[in-house]
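Take a look at the structure below.
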Amino acid sequence: GAVVSQHPSRVICKSGTSVKIECRSLDFQATTMFWYRQFPKQSLMLMATSNEGSKATYEQGVEKDKFLINHASLTLSTLTVTSAHPEDSSFYICSARAAGGRQGLDEKLFFGSGTQLSVL
Amino acid sequence: DAKTTQPTSMDCAEGRAANLPCNHSTISGNEYVYWYRQIHSQGPQYIIHGLKNNETNEMASLIITEDRKSSTLILPHATLRDTAVYYCIVRAGNMLTFGGGTRLMVKP
């Protein structure tokens, strides 16, 4: 199946710093990428949807100025957690949807391996 | 997306079939049923999906009832590496909305 690479897999940072997480589709072009957040023992929660070349759409309650998303190419989307605080510590996961493939609901989404962010 | 209901946890003996149920009584005609699993500290892994016909692939089988209000994921010969959280998702739009999932524990 298609491969989505997410980097870094783990990051520890000091409170107040910014952290960038990269999500790459390695063998396909992704028109749409999704960013999820997962707290311990909880399910994945969608944060935002990013379409290549346009602004991301954020879910209710997600601060767009804090979680900056850039999807400048068909193979790369980045999530930057700005001025990170301990409450931002979480597992962040990206997902990608292929361009030009099957349309609609009969289409797999592929996930990255996740990034564990720990803010001290 | 239509809401799904899954048992919180299940156990299965190694080598036996694991049958994971999912209720989705409010599913609409064009909504697909997707199954993903998540092994601890990893991203979700696609397993299988279907609309109304039963589906089978190298990982699992998906049985969807005729009224489409429920489905069962079958892992024919569970191994210890199948221990994970299994998510049943009814997809109506671009994204996938995850519920609580079933924590499957495969025991030796």
Side-chain angles (χ1 to χ4, degrees), chain A residues 1-7 9-10 21 23-25 30-52 56-60 62 90-99 101-118, chain B residues 1-9 22 24 27-53 55 57-60 62 64 68 71 73 84-105:
Chain A
V3 178
V4 175
S5 174
Q6 190 172 338
H7 180 80
S9 58
R10 179 179 294 274
I21 302 169
C23 181
R24 294 181 184 273
S25 56
T31 49
T32 306
M33 288 190 177
F34 306 93
W35 287 95
Y36 291 83
R37 179 170 53 183
Q38 185 176 32
F39 292 107
K41 298 191 184 303
Q42 294 186 22
S43 190
L44 286 76
M45 293 191 62
L46 181 67
M47 298 175 66
T49 301
S50 74
N51 292 295
E52 186 264 338
T57 302
Y58 290 81
E59 295 299 302
Q60 191 173 6
V62 177
S90 186
F91 192 55
Y92 292 86
I93 309 166
C94 69
S95 174
R97 174 184 179 182
R102 290 174 168 172
Q103 298 301 310
L105 308 178
D106 182 16
E107 175 192 88
K108 307 170 197 173
L109 296 183
F110 298 96
F111 287 80
S113 55
T115 297
Q116 182 63 52
L117 171 63
S118 299
Chain B
D1 288 350
K3 184 182 170 79
T4 61
T5 305
Q6 298 178 253
T8 305
S9 64
C22 179
H24 31 78
I27 192 170
S28 297
N30 65 340
E31 293 176 329
Y32 281 74
V33 179
Y34 279 76
W35 283 84
Y36 281 78
R37 72 180 182 185
Q38 186 179 26
I39 297 170
H40 182 62
S41 298
Q42 297 183 25
Q45 177 189 20
Y46 168 83
I47 301 174
I48 200 166
H49 75 285
L51 182 62
K52 52 184 177 181
N53 296 323
E55 302 286 345
N57 63 21
E58 65 277 4
M59 289 183 70
L62 173 61
I64 303 174
R68 302 210 322 122
S71 60
L73 178 74
V85 178
Y86 287 76
Y87 295 100
C88 169
I89 302 163
V90 173
R91 184 178 179 194
N94 273 337
M95 75 289 285
L96 295 171
T97 302
F98 287 79
T102 296
R103 186 171 298 275
L104 176 68
M105 179 73 72

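Reminder, nothing fancy here: chain letters follow the sequence lines and each chain counts from 1. Keep in mind it's a predicted model, so treat the numbers as computed, not measured.
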Quick check on Q38(B) against chain A: is it the side chain, the backbone, both or neither that has a heavy atom closer than 4.5 Å?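 For Q38(B), side-chain heavy atoms alone lie under 4.5 Å from chain A.
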Mind listing the closest non-hydrogen atom pair of S43(A) and Y87(B) along with its distance? OG-CE2, 3.4 Å
Over all atoms of both residues, closest heavy-atom pair of F91(A) and Q42(B):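 So the minimum-distance heavy-atom pair works out to CE2-O, 3.6 Å.
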When rounded to the nearest 0.5 Å, the distance separating OH of Y36(B) from NZ of K108(A) is 8.5 Å
Gap between atom CG of L96(B) and atom CZ of F34(A) - 0.5 Å precision: 7.5 Å
Give, as side chain, backbone, both or neither, the part of [X] having an atom under 4.5 angstrom from any heavy atom of chain B.
X: L109(A); value: both
X: L46(A); value: side chain
X: Q38(A); value: side chain

Within a reach of under 6.0 Å around CE of M59(B), are more than 12 heavy atoms found that belong to other residues, nucleotides or ligands?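 Yes, CE of M59(B) has more than 12 neighbouring heavy atoms, counting only those of other groups under 6.0 Å.
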Chain B: which of V4(A), I93(A), L44(A) shares the most heavy-atom pairs with it under 4.5 Å?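 When all of V4(A), I93(A), L44(A) are compared, L44(A) has the most.
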Quick check for you: among G114(A), S113(A), G112(A), S9(A), which has the greatest number of heavy-atom pairs under 4.5 Å with chain B? S113(A)
May I ask you to check whether F111(A) and Y34(B) place their ring centers less than 6.0 Å from one another?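 Centroid distance F111(A)-Y34(B): not below 6.0 Å, so no.
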In short, salt bridge (charged side-chain N to carboxylate O under 4.0 Å, His left out) pairs touching residues 32-45 of chain B with sequence neighbours left out are R37(B)-D82(B)
